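Keep in mind that what you see is a predicted model, and the values were worked out from it rather than measured.
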Amino acid sequence: MTKVSSEALGSEPIGNLLVKQAVPASIGILVMSLNVLVDSIFVGNWIGSIAFASINVVLPVSFFIGAIGMSIGVGGSSIISRALGANAKEKALKTFGNQISLGFLFMVSLVILGLIFVDDIIPIFGGKGDIFEPAKIYYTILLYGVPFLGFAMMGNTVIRAEGKPKFAMSAMIIPAIGNLLLDYIFIKVLDMGMHGAAWATTGSYLACFLYVFWFFYSNNSELKIRFHHLKLQKDITSEIASLGGITLARQAVVSITYLLMNNILFDIGQEGLVAVYAIIGRMLMFALFPVFGVTQGFLPIAGYNYGAQQYQRVRETINIAITYAAIVASLVFIGLMIFPLEITSLFLSNDPSLTPKELALNQFVLSHTSTSMRWVFAATPIIALQLIGAAYFQSAGKVIPALLLTLSRQGFFFVPLILILPKFYGELGVWISFPIADILSTIVTGYFLNREIRTKLLVTKTT
C-alpha cells in the first residue's frame, strides 16, 4: 500500500477525498456486516433458531464492552485529526498513548465484572427460557476475546484519523474472513455447536488485534509513541472522555434498546419474536453499511479541516457526504421493501431432521419478519442527514450538541416510543417506533446543523 500523509485531508478535492475515505470504510463495514450476517445464517441453519436468538441476547453486552474501545478511539481520533490539522504532532502522540492506557484499564475491568455476574446479566437482556443455556455458553467464551476487539476498534479509528483508510479497511476484513473460516471448521466440521460459534468469533477478534498492532509497530503509522506518552494526562483524558463518551453513550443506549426489545418481544411472542428481532437487527447492521461507510469517511476530513479552520471545506464535506449517503440509503430502502421474504428465508432452515418445535418456530419467524422489516426500514432514505449531522459536531469537538444529537434517535425518541406504543398496538407498536424515531431525530438534527452552518462555518481561515 502507498503511504498517505494526513495532509491530504486538507488539500485534495472533497469529492475525491470522500470517495477515497468512504469506499474503504464501506468495504470494511460491508465485510464485517457480512461476517455477522453469514455467521448468523450459519448458526441459524447449522445449530438452530434458539441458538440464533441466544446470540442476539449476548450481542449488546459484548458490543458495549467493545464499545469502550471504540469510544476511546473515536474520542481520541477527533483530537488527533484536529491536532494533525493544526500541526500539533506531540499532542497527537500523547493522545494516542493515553488512549492505550485508558483502554487497558476499562476493558479488562469490565470483562472481569462481566464474568463474575454472568448469571445475572443474561436474563436481564432477554436470555430466558430455552435461550438461557446456549446464551451463557456463547457469552462466557466471547468475553475472553472482547478486550482484543476493543483495542482493535480503538486502533482502527486512529488509523482512519491518520488518513489511511485502506489499512483501516484491512483491519475490518481480516477478522470477518477469519470468523467465517473458523465458523465452518468449528461448527460444521468439528460439530462444536455454540462453543464453536463463540470460539470462532473470539479467534477473529484476536486476528484483528494482531493486525492493528502490526500497523502501529511498523513504519506505516505516523504515530510512534514512547513510554512517556502512555502516562495519563488529565486534560487529554478529559477531552477523550467527553468526546468518546458520545460514542459510549450511543452504544449504551443501543444495549438498553436490545434489553428492552428482547424483553418486550419475549412477553408478546416468546422466543419467536426475539428471533424475528435478531434477523432485523442483523439487517440494521448489514444493509446500512454504505451509509455508515460515508459517515466514517466524513469524520477525519471534517475534523482535519475544522482544526485547520478551513470551514468552506467543512461545509463542502457536509453537503457531499449527505448527498452520497442519501443516495445509497434510498437504494437500500428499495431493496428491503422488495425482498424481505427472501432475506428472512436465508436465516432459517427447513431441514426435516429439526424437531417439530424448531420447525414451528422457523415458520413463525418467516411469517412475521417481512412486514416487521418493512416498518423498521420505512424511513431509511432520510437517515443520512441525522448521521452526518451528528458526526459533524463530534468531528468538530463540540461535545454537548454531538451527545444530544447522537442520542436523539434511540435515547430521546425510540426508547419512550417502544415503552408506550406496544401498550396500545402490541407487536405493531414496536415496529412503527423505528420510523417515527427516525423522522423526529432527523428533523431535530437538520435544525441544529443548519444553524451551525449559518453561524460558525461561514468564515474561512485566510492564508
Q. Quick one: which of Thr295, Val291, Asn319 gives a side-chain contact (heavy atoms from CB on, under 4.5 Å) with Ile388?
A. Thr295

Q. Are Arg454 and Asn450 close enough that some pair of their side-chain heavy atoms sits under 4.5 Å apart?
A. yes

Q.
Can you confirm whether Phe104 is buried at CZ, in the sense that more than 12 heavy atoms of other residues, nucleotides or ligands lie under 6.0 Å from that atom?
A. no

(Q) I want to check something: taking the side chain as every heavy atom from C-beta on, are Ile236 and Gln99 in contact at a cut-off of under 4.5 Å? (A) no

Q) Using the ring of each side chain (for Trp, its six-membered ring), is Tyr211 parallel, tilted or perpendicular to Trp214, with breaks at 30° and 60°? A) tilted

(Q) Just to verify, which of Val111, Ile112, Val118 counts as forming a side-chain contact (heavy atoms from CB on, under 4.5 Å) with Leu115? (A) Val111

**Q.** Asn156 (side chain) donor-acceptor with Val212 (main chain) under 3.5 angstrom
**A.** no

Q | Minimum heavy-atom distance Ser101-Leu232, with the two atoms named | A | CB-CD2, 3.7 Å

Q. Between Pro147 and Met107, what is the shortest heavy-atom contact and its length?
A. O-SD, 4.0 Å

Q: Mind running side chain to side chain contact (heavy atoms under 4.5 Å, CB included) on Arg409 and Phe434 for me, showing each step along the way?
A: CA-CA 9 Å; Arg409 179 190 176 274; Phe434 284 86; 3.6 Å; yes

(Q) Can you list everything that forms a ring pair (Phe, Tyr, Trp, His ring centres under 6.0 Å) with Phe448? Sequence neighbours excluded, please. (A) none

(Q) Please determine whether side chain to side chain contact (heavy atoms under 4.5 Å, CB included) holds for the pair Trp199 and Met192, giving the CA-CA distance in whole Å, both sets of side-chain angles, and the decisive distance to 0.1 Å. (A) CA-CA 9 Å; Trp199 281 116; Met192 293 174 63; 4.3 Å; yes

Q | CG on Asn305 to CD on Gln312, rounded to 0.5 Å | A | 9.0 Å

(Q) Do Ile141 and Met194 make a side-chain contact, defined as non-hydrogen atoms from C-beta onward lying under 4.5 Å apart? (A) no

**Q.** Heavy-atom pair of closest approach, residues Asp120 and Pro123
**A.** O-CD, 3.5 Å

Q) Rounded to the nearest 0.5 Å, how far does CD1 of Ile159 lie from CD1 of Ile80? A) 11.0 Å

Q.
Give me the atom names and distance for the closest heavy-atom approach of Val314 to Ala302.
A. CG2-O, 4.0 Å

Q: Compare all side-chain heavy atoms of Asp191 with those of Ile187 and state whether any distance is below 4.5 angstrom.
A: no

Q. Atom OG1 of Thr323 and atom CD1 of Ile318: how far apart are they, to the nearest 0.5 Å?
A. 11.5 Å

Q. Does the side chain to side chain contact (heavy atoms under 4.5 Å, CB included) test come out yes or no for Thr201 and Tyr138, once each step is laid out?
A. CA-CA 10 Å; Thr201 303; Tyr138 192 84; 3.3 Å; yes

Q: Run the salt-bridge test on Lys91 and Glu239 with the 4.0 Å N-O cut-off and return the result as yes or no.
A: yes

Q: Verify the distance criterion only: is there a donor paired with an acceptor across the side chains of Thr317 and Tyr392 at less than 3.5 Å?
A: no

(Q) Minimum heavy-atom separation for Gly97 and Leu230, please, with both atom names. (A) O-CD2, 3.5 Å

**Q.** Whether Thr140 side chain and Ile137 backbone form a donor-acceptor pair below 3.5 Å
**A.** no

Q) Any donor and acceptor pair, going by atom type alone, linking the side chain of Tyr139 with main-chain N or O of Gly114 inside 3.5 Å? A) yes

(Q) Could you walk me through whether Val328 and Val332 satisfy the side chain to side chain contact (heavy atoms under 4.5 Å, CB included) test, starting with their C-alpha distance in whole Å, then the side-chain angles of each, then the deciding distance to 0.1 Å, before giving a yes or no? (A) CA-CA 6 Å; Val328 295; Val332 168; 5.5 Å; no

Q) So do Asp119 and Phe132 actually touch side chain to side chain, heavy atoms under 4.5 Å? A) yes

Q. Between Thr380 and Phe377, is any pair of side-chain heavy atoms under 4.5 Å apart?
A. yes

Q.
To the closest 0.5 Å, what do you measure between CD1 (Ile320) and CD1 (Ile301)?
A. 9.0 Å

Q: Would you name the heavy atoms of Thr445 and Ala390 that are closest together and state the gap between them?
A: CG2-N, 3.9 Å

Q) Are the side chain of Gln386 and the backbone N or O of Ser408 linked by a donor-acceptor pair below 3.5 Å? A) no

Q) Under a 4.5 Å cut-off applied to non-hydrogen side-chain atoms, are Val158 and Phe216 in contact? A) yes

**Q.** Aromatic ring proximity, centroids under 6.0 angstrom, Tyr311 and Tyr306
**A.** yes

Q. Below 6.0 angstrom between ring centroids: does that apply to Phe148 and Tyr205?
A. no

Q.
Do Glu452 and Tyr447 have side chains that approach each other closer than 4.5 Å (heavy atoms only, starting at C-beta)?
A. no

